[in-house]
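Below you'll find the structure, written out as structure tokens, and then a few comments.
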Amino acid sequence: MRCLKVAFGMEDDEKLIDAHYGDSEFFAIYEVCEDGSVRLIEKRPNKAKDFEEEHDEGHGDPRKFKAVVSQLLDVDVLAAFRMGPNFLRIRDKTNKVAFFTRTRDLKLALQRLIENFDDLWEQVQAKKAEKPPIEE
């Protein structure tokens, strides 16, 4: 059975963060399968949360981007309510697929992921074929 490993940027156990993905309190890592089953694998602390971004870079500091993505190398999809300037870096410089949930409610976000499973699966397979986990 086809399954995806998805990291949700979380504020607490039920709500996705309403800020940049890299500012998440933790990442809820789920296995989401094509049959609609979901399983929480772990709650992974965000070690980049308090990363000091350079003043000239502000939000979207490429060093923070690498600090966030390096914690999620084993994940296929980064799911968020909102993403900041590093979204383009995720899309262009990693083999990760970014998915906007358009909701902060985790249960609804999981449902939206299931509804889009086939499209996300295809995007993930294409990304894995073309890019390393993180390009310099």
Side-chain angles (χ1 to χ4, degrees):
M1 179 177 357
R2 299 179 307 166
C3 297
L4 294 169
K5 201 167 183 182
V6 183
F8 291 88
M10 302 299 295
E11 176 180 294
D12 60 35
D13 287 343
E14 297 176 4
K15 293 280 183 211
L16 279 70
I17 193 162
D18 184 17
H20 298 282
Y21 194 76
D23 294 332
S24 300
E25 291 296 320
F26 63 93
F27 301 106
I29 312 296
Y30 277 84
E31 179 181 70
V32 179
C33 298
E34 64 186 323
D35 67 355
S37 62
V38 296
R39 178 175 66 93
L40 176 63
I41 297 171
E42 69 176 298
K43 292 178 185 175
R44 190 175 296 174
N46 178 10
K47 296 174 185 160
K49 179 181 178 296
D50 298 320
F51 188 94
E52 289 294 323
E53 296 185 76
E54 294 292 321
H55 290 294
D56 59 334
E57 292 284 350
H59 283 297
D61 185 329
R63 294 169 308 131
K64 184 169 185 178
F65 155 75
K66 285 185 180 176
V68 170
V69 175
S70 67
Q71 301 174 79
L72 302 171
L73 293 177
D74 60 325
V75 171
D76 302 309
V77 177
L78 308 182
F81 172 66
R82 170 184 304 174
M83 281 198 193
N86 276 323
F87 167 73
L88 293 176
R89 284 191 186 95
I90 292 167
R91 185 192 69 190
D92 297 340
K93 295 189 176 285
T94 76
N95 66 359
K96 309 299 174 211
V97 171
F99 179 73
F100 293 98
T101 62
R102 295 185 170 81
T103 181
R104 292 187 62 212
D105 180 83
L106 178 60
K107 289 179 183 170
L108 185 53
L110 281 162
Q111 185 58 43
R112 289 185 176 163
L113 211 120
I114 292 165
E115 291 165 2
N116 290 281
F117 184 90
D118 288 333
D119 182 51
L120 287 166
W121 178 265
E122 288 177 19
Q123 289 180 52
V124 166
Q125 299 314 305
K127 284 276 199 167
K128 285 182 176 179
E130 70 183 35
K131 292 202 182 321
I134 302 177
E135 286 182 1
E136 291 302 317

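Judged by distance alone, the side chain of R112 and the main-chain N or O of R102 form a donor-acceptor pair under 3.5 Å.
In terms of the side chain to side chain contact (heavy atoms under 4.5 Å, CB included) criterion, residue partners of I41 (sequence neighbours excluded) are, by chain and number, K5, I29, E31, R39. K15 meets the side chain to side chain donor-acceptor pair (under 3.5 Å) test with no other residue; sequence neighbours excluded. Residues that satisfy the side chain to side chain contact (heavy atoms under 4.5 Å, CB included) test with E14, not counting sequence neighbours, are D12.
With contacts defined as side-chain heavy-atom distances shorter than 4.5 Å, the pair D13/K43 qualifies. Here the side chains of E122 and V97 are not in contact, with every heavy-atom distance at 4.5 Å or above. Side-chain contact between E25 and K49 is present, with heavy atoms from C-beta onward closer than 4.5 Å. Taking 4.5 Å as the limit, every side-chain heavy atom of R82 sits out of range of all side-chain heavy atoms of L16. In this structure the side chain of L113 never reaches within 4.5 angstrom of the side chain of Y30, judged on heavy atoms.
Taken from CD in Q111 to OG1 in T101, the straight-line distance is 13.0 Å, to the nearest 0.5 Å. Summarising the geometry, atom CG belonging to N95 is positioned 10.5 Å from atom CD belonging to Q125; distances are rounded to the nearest 0.5 Å. Between atom CD of residue E42 and atom CG of residue D74 there is a gap of 7.0 Å, rounded to the nearest 0.5 Å. How far CD of E11 is from CG of D18: 7.5 Å, rounded to the nearest 0.5 Å.
The heavy-atom pair separating A7 from V75 by the smallest distance is N-CG1, 3.5 Å.
A side-chain donor-acceptor contact under 3.5 Å links S37 and D35.
A salt bridge links K64 to D23: one of the charged nitrogens lies within less than 4.0 Å of a carboxylate oxygen.
Linking Ile, Leu, Val, Met, Phe, Trp and Tyr residues whenever their side-chain heavy atoms come within less than 4.5 Å leaves L40 and I17 in two separate clusters.
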**Request:** Quick one: do K127 and D76 satisfy salt bridge (Lys or Arg N to Asp or Glu O under 4.0 Å)? Show the steps, please.
**Result:** CA-CA 9 Å; K127 284 276 199 167; D76 302 309; over 6 Å; no
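Applying the ring pair (Phe, Tyr, Trp, His ring centres under 6.0 Å) test between Y21 and each of F81, F65, F26, F27 identifies F27 as the sole match.
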